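Protein chains get the first letters and strands the later ones, always in sequence-line order, with residue 1 at the start of each. As the structure is a prediction and not an experimental result, all values here were calculated from the model.
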Amino acid sequence: MLTPEEWEAVRLSLSVSLRAVAFSLPPAILVALALARGRFPGRTLLDAVVHLPLVVPPVVTGWALLMLFGLRGPLGAPLAEWFGIRLAFTSAGAALATAVMTFPLIVRAIRLSLDGLDRGLEEAAATLGAGRLDRFLTVTLPLMAPGILSGAVVAFAAGLGEFGAIITFASNVPGETQTLPLAIYTATQVPGGEAAAARLAGIAFALAIAGLLSADLLSRRLARLLGRP
Amino acid sequence: MSVMLEVALRHRLGAFALEAEFTAPAGVTVLFGPSGSGKSSILAAVAGLLRPAEGRVALAGAPLTDMAAGLFLPPERRRCATVFQEGRLFPHLSVESNLRYGLRRAPRGAEGPGFAEVVALLGLEGLLGRRPARLSGGEKQRVALGRALLARPRLLLLDEPLAALDAPRRQEVLPFLEALRDRAGLPMLYVTHAIEEADRLADTLVLLEGGRVLAHGPLAALTARTDLPLLAARRDAGVVLPCRVAAQDRAAGLTLLDFPGGRLSISWRDAPVGAALRLRVRARDVAVALPGGALAGTLPSTLSLGNALPATLRAVEALGEAECFLRLAVGESLLLARVTREAVARLRLRPGQELLALVSAVSAGQG
């Protein structure tokens, strides 16, 4: 059905998006906690910075990443020199770009679950002898689980479609950074590529639907587990 | 009795100023007052959930909060497990895991009832596998109570634990609280605005209004005071008598109660002979008669009222424009009667006078 190159693009998309979610999940939980509960100067600024990728053109986000993490960038140069990590024009870079783009989606989902969480439950846990970390691990985190999960699934599905930031920061290298959307774009640029574009577009469509359905299913499962009707 | 709990707090919450100070011996201490009187804030400060601006909280002599010394123990180190109005059960855990949550965190060697004992006491056997969402309101509060008990607290805090329940559910949970008081000997601090709960549970009553303590002391002594509008102005103002069931007369539909200094008959109540029972005798249900004549015997033959107790009039206290409270000594106990000024004048009532206190068996049997 698909050529090996096209399969490679699908596999790469899944891998890049999965790595992006894995990268951004722990910091997203921390940022969501800080935004929902923290009272510190610069909270509004942090909120704005986190949401920036939602409103700035993706190409601009990709360009900013290139400036920071390029081989001669202020972060890219030491990373390459000390750790041998190259981000620009690599699949790791594509994952970083995707992570930055989908970060606000995860933070939002987790924050929503935190806003709906009854702080009285943590107070009750405290009077029963549970310390701060204990309370977080046994009460807060389990009750945040639906938010974390739905955030992760939505971010994964959205990450499969990332185009602008990846092509600007990681370029369009087949087998390395050419994810599904980039492969579709490339197919439309070559004469006679319409059939390939259509096949790839069909795959992208199917993945998106599957992502949404599984998110819905999971959140219902979890809700039942948490005893909500 | 020695002092179990010392509380002295000064705190400001917006326009509301809390300035409360009281001490209480072991047993059940009820914080009673209208909503907004600061009783829940006091409980939160004892639990460590509210950090007062100034003040001190000590339990059995050991300070939990001493703001002057910079001491404020976090709630998890106070061992003051709390039962909240809404239960606050962990929705993601089964009833059994909820119950064991505090037990797992109780210090080794802490004394208290075991899991099986608490489950049996609160009748939770059939609920252990369920999720909190599938419990009724009364069941939730029983589980919350069990969870708090199993944390092996040194002081059990209860913040209007029955307020969210309807009357039948309340009647379902109240006996468990009474059993707890009578059996476990665990000190409790209980917040309520329902006088019935105070009557049934309190050893010590703390009256609160507008963030201040109006009075505190033993329940019977406080209810006999006529200078406390919070109690005296109520329609059900009256004295709470600690009684014991002396005899049951099922055929006549009467229950006989002994109280310090006398015996009362009331409408039949389902309780075994010897059981302890508290009776609120409302002042408006007590009348007086001059002794002699038709009323000379112990049981009047010309009256429907079931009780005529020899009493000594101790004092006559005005209640508003038209009425008076009579303070009547019956043996070692005190009764209040609410009569009109006109009656006081007509009978020429004077302190020191010997009277008969007439108490309806029906009204005394209620509540």
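Heavy-atom contacts from other residues, nucleotides or ligands closer than 6.0 Å to CZ of B/Arg10 number 12 or fewer. Around atom CZ of A/Arg132, no more than 12 heavy atoms belonging to other residues, nucleotides or ligands sit under 6.0 Å away. Heavy atoms from other residues, nucleotides or ligands lying under 6.0 Å from CD of B/Glu125 number more than 12. In this structure, A/Arg39 places its CZ atom where more than 12 heavy-atom neighbours from other residues, nucleotides or ligands lie under 6.0 Å away. Shown here is A/Arg220, whose CZ atom has no more than 12 heavy atoms of other residues, nucleotides or ligands within 6.0 Å. No more than 12 heavy atoms of other residues, nucleotides or ligands lie within 6.0 Å of CZ in A/Phe23, so this atom counts as exposed by the packing criterion. Summarising the local packing, CZ of A/Phe205 is surrounded by 12 or fewer heavy atoms from other residues, nucleotides or ligands at distances under 6.0 Å. When the shell of 6.0 Å around CZ of B/Arg170 is examined, it contains more than 12 heavy atoms from other residues, nucleotides or ligands.
Residue A/Asp134 comes nearest to B/Arg105 through the heavy atom pair OD2-NE, 2.7 Å, listed as atom of the first residue, atom of the second, then distance. Contact record, B/Glu76 with A/Gly131: OE2-CA, 3.6 Å, taken as the closest heavy-atom pair. When every heavy atom of B/Pro91 is checked against every heavy atom of A/Leu143, the shortest pair comes out as CG-CD2, 3.7 Å.
With a 4.5 angstrom heavy-atom cutoff, B/Arg147 touches chain A via backbone and side-chain atoms both. Within the 4.5 angstrom heavy-atom criterion, no atom of B/Leu93 approaches chain A. Within the 4.5 angstrom heavy-atom criterion, only side-chain atoms of B/Ala151, from C-beta onward, approach chain A.
Among residues 118-125 of chain A, the residues having any heavy atom closer than 4.5 Å to a heavy atom of chain B are, in sequence order, A/Gly120, A/Leu121, A/Glu123, A/Ala124, A/Ala125.
Contact annotation: the side chain of A/Thr138 approaches that of B/Tyr101 to within less than 4.5 Å [non-hydrogen atoms, C-beta and beyond]. Between A/Thr127 and B/Arg78 the shortest side-chain heavy-atom distance does not fall below 4.5 Å.
Most heavy-atom pairs under 4.5 Å with chain A, from the set B/Ala81, B/Gly102, B/Ala106, B/Pro153: that is B/Ala81.
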